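Heads up: the structure comes next, in structure tokens.
Only a predicted model underlies this, so the values are computations on that prediction, with no experimental measurement involved.
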Amino acid sequence: MASSMAKPGFLTPLYSGLKEFPPIRPTSITPKFNDSHFSPSQLSVTVKRAKNASLLPIISAQSSPDYIPDAKFYKVEAILRPWRIPLVSSALLKMGIRGVTVSDVRGFGAQGGLRERQAGSEFYEDKFLAKVKMEIVVSKDQVEAVIDKIIEGARTGEIGDGKIFLLPVTDIIRVRTGERGEMAERMMGGQADVSSVLPPA
């Protein structure tokens, strides 16, 4: 009963801590007298929310259907078959890509509960298939070449070859030196060094 008591002229919304909630209309408050000895300090209040009021703030997505985020750097994230990783990493090293992060992951996509083929054998898992996630952050001009190398090394032509995701990266910071941007992305023996010693095509 104490939780429903309020002083005249002072209303505390049920969700007063959340600013997203719409204001309470004064017309929606109905006093109820519980006994004949009513005093102003005893008022039972019923709070009603407007019919069309939203509980969460409205967030609009990017309005243009052709919107593509632009950045100087991109993270190429590839989910691949574990046994194709040596082929992919070797191809990336040959083109001068030195910074690669590899993680063991599990999941399913279109392959779902299908059989996995590896080295001529088939095995079956009820829930999640073992995959490897490769993460590579490169400058914008390297993105397409990196994607091509990943596809070239990972493709078998069967369901389960994987997916590649492309994410814009705002900045890169090298922890050891504090360098940012292109200086942090560049590595000794990387693509910039390899291309500088190769004869022009």
Side-chain angles (χ1 to χ4, degrees), residues 61-177 179-201:
Q62 178 66 35
S63 57
S64 171
D66 300 324
Y67 172 73
I68 299 174
D70 192 22
K72 292 179 71 175
F73 307 103
Y74 285 84
K75 179 162 88 163
V76 181
E77 198 171 279
I79 311 294
L80 308 171
R81 299 178 192 271
W83 56 281
R84 302 297 287 191
I85 294 301
L87 293 171
V88 174
S89 59
S90 176
L92 292 173
L93 280 169
K94 285 178 183 175
M95 68 176 289
I97 300 299
R98 294 286 180 266
V100 179
T101 301
V102 178
S103 314
D104 291 324
V105 295
R106 295 173 68 81
F108 63 86
Q111 195 175 5
L114 300 179
R115 289 180 174 84
E116 172 80 17
R117 292 185 181 179
Q118 179 176 337
S121 301
E122 289 187 351
F123 64 92
Y124 181 85
E125 290 196 44
D126 294 332
K127 296 180 181 178
F128 300 108
L129 294 172
K131 299 288 181 181
V132 171
K133 178 166 71 172
M134 294 187 81
E135 297 171 274
I136 310 141
V137 175
V138 293
S139 57
K140 185 177 180 179
D141 60 342
Q142 297 174 314
V143 170
E144 291 304 321
V146 167
I147 290 173
D148 288 344
K149 286 295 180 186
I150 293 172
I151 292 173
E152 184 183 313
R155 178 181 284 165
T156 67
E158 297 184 6
I159 291 175
D161 277 349
K163 285 270 172 61
I164 299 174
F165 304 97
L166 190 61
L167 298 85
V169 173
T170 306
D171 201 0
I172 302 171
I173 301 100
R174 192 189 304 277
V175 175
R176 177 174 55 85
T177 62
E179 293 171 307
R180 301 183 76 127
E182 291 179 2
M183 295 303 294
E185 187 266 340
R186 186 173 175 176
M187 295 189 183
M188 293 295 293
Q191 191 176 42
D193 294 337
V194 171
S195 59
S196 66
V197 298
L198 290 176

**Q.** Closest heavy-atom pair and its distance - A130, R106
**A.** CB-NH1, 4.1 Å
(Q) To the nearest 0.5 Å, what is the distance between NZ on K149 and OG on S90? (A) 9.5 Å
Q: Please round to the nearest 0.5 Å and tell me the distance separating atom CD1 of I136 and atom CD1 of I164.
A: 8.5 Å
Q) Closest heavy-atom contact between S139 and E185? A) N-OE2, 3.8 Å
Q | Reported CZ-to-NZ distance for the pair R81 and K131, which is rounded to 0.5 angstrom | A | 5.0 Å
Q) NZ/K133 to OG1/T101 distance, rounded to the nearest 0.5 angstrom? A) 9.5 Å
Q | D171: salt bridge (charged side-chain N to carboxylate O under 4.0 Å, His left out) partners, not counting sequence neighbours | A | R180
Q. Which pair of heavy atoms, one from P86 and one from S89, lies closest together, and at what distance?
A. O-OG, 3.2 Å
Q: Only one of V169, L92, V143 passes side chain to side chain contact (heavy atoms under 4.5 Å, CB included) with V138; say which it is.
A: V143
Q: Could you tell me which non-hydrogen atom of V100 sits nearest to which non-hydrogen atom of I97, and how far apart they are?
A: CG2-CG2, 4.1 Å
Q | Donor-acceptor under 3.5 Å (D161 side chain, R155 main chain) | A | no
Q. If you round to the nearest 0.5 Å, how far is CZ of F73 from CG of L167?
A. 15.5 Å
(Q) Using side-chain heavy atoms (C-beta onward) and a distance below 4.5 Å, is I147 in contact with Y74? (A) no
Q | Partners passing salt bridge (charged side-chain N to carboxylate O under 4.0 Å, His left out) against E152 (at least two apart in sequence or in another chain) | A | none
Q.
Regarding D70 and K140, does a basic nitrogen lie under 4.0 Å from an acidic carboxylate oxygen?
A. yes
Q | Minimum side-chain heavy-atom gap V76-L166 below 4.5 Å | A | yes
(Q) If I take atom CD1 from residue I172 and atom CD from residue E182, how far apart are they, to the nearest 0.5 angstrom? (A) 9.0 Å
Q: Check the pair F165, I79 against side chain to side chain contact (heavy atoms under 4.5 Å, CB included), reporting the backbone distance first and the verdict last.
A: CA-CA 9 Å; F165 304 97; I79 311 294; 4.0 Å; yes
Q) Sub-3.5 Å donor-acceptor pair from the side chain of R84 to the main-chain atoms of I150, do we have one? A) no
